[in-house]
Amino acid sequence: MWVKGRIPCSSAELNIDIVLQCGQSFRWKRDLINKSWQGVFSNKLWILKQGSSEISYEVLSSDAECHQTKVEKEQICNEELVDYFQFNVPLVPLYDAWSQADEKFKKLALRYQGVRMLRQDPVENVFSFICSSNNNIQRISSMVEHLCSSYGKQIAVYNGQKVYSFPELSSLMDESVERNLRTLGFGYRAKYIQKAAEIIEQRGGRSWLVNLRNVPYVEAKASLVSIPGIGEKVADCICLMSLDKTCAIPVDTHVFQIAKTYLPALAEKKSVTHRIYSEISIFFQELYGPYAGWAHTVLFSADLRHLKDPPEKAPKRGKNQQNNTVQKRKKNTRI
DNA sequence: GGCTTACCTTTCGG
DNA sequence: ACCGAAAGGTAAG
């Protein structure tokens with residue numbers, strides 16, 4: 001059954017259009033007609049819509065909770081949404097502090113308001129980001145969709161489309177997983193996924209992973225990088241996006257380029273070695289403080305091609321230049 | 001130890 | 001439209 005609700009929220013506290021497509025979660029689909037978003041978390045299908053001073057939602061609540069009263073369901077859904085978007089963390093004061101610390105940030109702050117960190121499920125986060133290595137957002141999204149439709153359970157049919165939960169660890173451990181994922185185009189990541197599931201299960205499964213939330217950042221990161229397919233960057237993504245490590249700075253190729261604008265000495269460096277990685281991480285942590293990872297995501301989002309403003313002076317549809325772009329933009333178009 | 005190179009495949013961009 | 005290069009890297013050499 002559908003449960004509806006709303007949460008007061010200004011556009012400075014959340015910009016849903018950026019947050020749901022800036023590469024944190026790969027499971028959200030935009031509905032341009034209704035100006036809404038659909039996606040899955042907490043094993044439920046959510047339809048979200050941002051108004052000028054609120055987020056309204058409709059959620060398909062699971063059968064397992066059918067004994068609850070309507071009021072109880074509404075309260076649980078509210079809590080789940082607040083937890084997922086971390087609305088208990090006020091973003092505006094953080095933006096103020098980051099703007100004060102950094103002129104470059106200040107210039108982006110108005111255009112990129114409301115970019116906050118989601119608090120994702122650690123299992124989904126781990127396997128999504130194993131897929132992310134040497135890869136682009138579009139392909140990652142399709143791989144995550146494959147994981148769900150092959151190994152998740154169907155939780156709804158919406159607009160004629162089957163909707164799946166993210167798979168349990170135990171579903172990804174089987175020997176057959178690597179072979180199957182290879183046929184689905186996962187490439188060398190297929191083996192990592194199967195092995196990672198195995199090792200996480202050995203260490204205590206989902207609850208072991210979730211408990212890394214209660215472990216210091218350095219220790220949690222060390223645990224993660226010992227899992228196949230997880231290197232330093234992916235470990236930091238997981239720390240930041242699902243393990244409450246707000247200071248973690250994932251240094252990818254984008255952040256490397258951004259860092260060069262702060263640290264000119266980096267210009268001559270060809271690639272991100274561990275040494276450089278650490279240098280860049282520490283620089284941003286000292287610049288922005290304990291929520292440096294959150295600040296980094298604002299810079300990162302502002303740098304993503306599909307989230308940038310179209311060039312001011314460029315003709316909007318006058319040249320053949322746009323003929324390609326029209327198709328390419330179909331999933332990225334802004335309101 | 002720190003720095004290149006191979007790895008799967010898709011998408012990008014000149 | 002084609003084709004080399006890049007894509008939110010990791011692990012092995």
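Just so it is clear, the values below take in all heavy atoms, side chains as well, and ignore hydrogens, waters and symmetry mates. Reminder, nothing fancy here: chain letters follow the sequence lines and each chain counts from 1.
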Notebook entry, point to check: Within the structure shown, what part of the strands sits under 4.0 Å from A/C22 by heavy-atom distance: base, sugar-phosphate, or nothing?
Noted result: base
Notebook entry, point to check: When all nucleic acid strands are considered with a 4.0 Å heavy-atom cut-off, which category describes A/P228: base, sugar-phosphate, or nothing?
Noted result: sugar-phosphate
Note to self: So A/V272, base contact, sugar-phosphate only, or nothing? Heavy-atom distance under 4.0 Å.
What the structure shows: nothing
Margin query: Please report the distance separating the P of C/dA6 from the corresponding atom of B/dT4, rounded so that it comes out in whole Å.
Written below: 16 Å
Next item on the list: Using a 4.5 Å cut-off on heavy atoms from C-beta on, say whether the side chain of A/F166 contacts that of A/L147.
Entry: yes
Next item on the list: Return the 5'-most residue of the pair A/Q24, A/G229 with respect to DNA chain C, ranking by each residue's nearest nucleotide.
Entry: A/Q24
Notebook entry, point to check: Quantified in whole Å, what is the P atom distance between nucleotide B/dC7 and nucleotide C/dC3?
Noted result: 23 Å
Checklist line | salt_bridge(A/E74, A/K4) N-O dist < 4.0 Å | finding: no
Notebook entry, point to check: Got a salt bridge between A/R30 and A/D17, using NZ or NE/NH1/NH2 to carboxylate O under 4.0 Å?
Noted result: yes
Margin query: What is the distance, to the nearest angstrom, from the CD1 atom on A/I276 to the C1' atom on B/dG1?
Written below: 15 Å
Check: Can you find a donor-acceptor N/O pair under 3.5 angstrom joining the side chain of A/R189 to the base of B/dC8?
Finding: yes
Check: Does any N or O donor sit under 3.5 Å from an N or O acceptor when you compare the side chain of A/R139 with the base of B/dT9?
Finding: yes
Next item on the list: Name the orientation class of the two ring planes belonging to A/W28 and A/F41 (parallel below 30°, tilted from 30 to 60°, perpendicular beyond 60°).
Entry: tilted
Next item on the list: Kindly say if A/T273 contacts the phosphate of B/dC3, meaning a side-chain N or O under 4.0 Å from OP1 or OP2.
Entry: yes
Margin query: Between A/S142 and A/N134, which residue's closest nucleotide on DNA chain B lies nearer the 5′ terminus?
Written below: A/N134
Check: Do you see a donor-acceptor pair shorter than 3.5 Å between the side chains of A/Y217 and A/D236?
Finding: yes
Check: Counting side-chain heavy atoms from CB outward, which of C/dA11, C/dA7, B/dT4 is closest to A/T253?
Finding: C/dA7
Notebook entry, point to check: When the nearest nucleotide of DNA chain C is assigned to A/V225 and to A/M241 on a heavy-atom basis, which residue is associated with the more 5' position?
Noted result: A/M241
Note to self: As a check on the pairing definition, encode DNA chain B in dot-bracket form, counting Watson-Crick and G-U wobble pairs whose two distances are under 3.5 Å, and using | for partners outside this strand.
What the structure shows: ..|||||.||||||
Next item on the list: Hey, can you tell me if A/F284 and A/Y262 have their rings parallel, tilted or perpendicular (30° and 60° cut-offs)?
Entry: perpendicular
Notebook entry, point to check: Is any N or O donor-acceptor pair between the side chain of A/Y277 and the base of C/dG9 shorter than 3.5 Å?
Noted result: no
Next item on the list: List in chain and number order the residues that pass side chain to side chain contact (heavy atoms under 4.5 Å, CB included) with A/C22, two or more places apart in sequence or in another chain; answer none if no residue qualifies.
Entry: A/I18, A/Q24, A/T297, A/S301, A/L304, A/L307
Next item on the list: Could you check how far CD1 of A/I130 sits from C1' of B/dC8, rounded to whole Å?
Entry: 16 Å
Next item on the list: Tell me what A/I258 touches on the nucleic acid: a base, only sugar-phosphate, or nothing, going by heavy atoms under 4.0 Å.
Entry: nothing
Next item on the list: Sticking with atom C1', work out how far C/dA12 lies from B/dT10, rounded to a whole angstrom.
Entry: 24 Å
Checklist line | side chain to side chain donor-acceptor pair (under 3.5 Å) partners of residues 156-179 of chain A, not counting sequence neighbours, each pair once | finding: A/D174-A/S176
Checklist line | Sugar-phosphate, base or nothing in reach of A/Q257, heavy atoms under 4.0 Å | finding: nothing
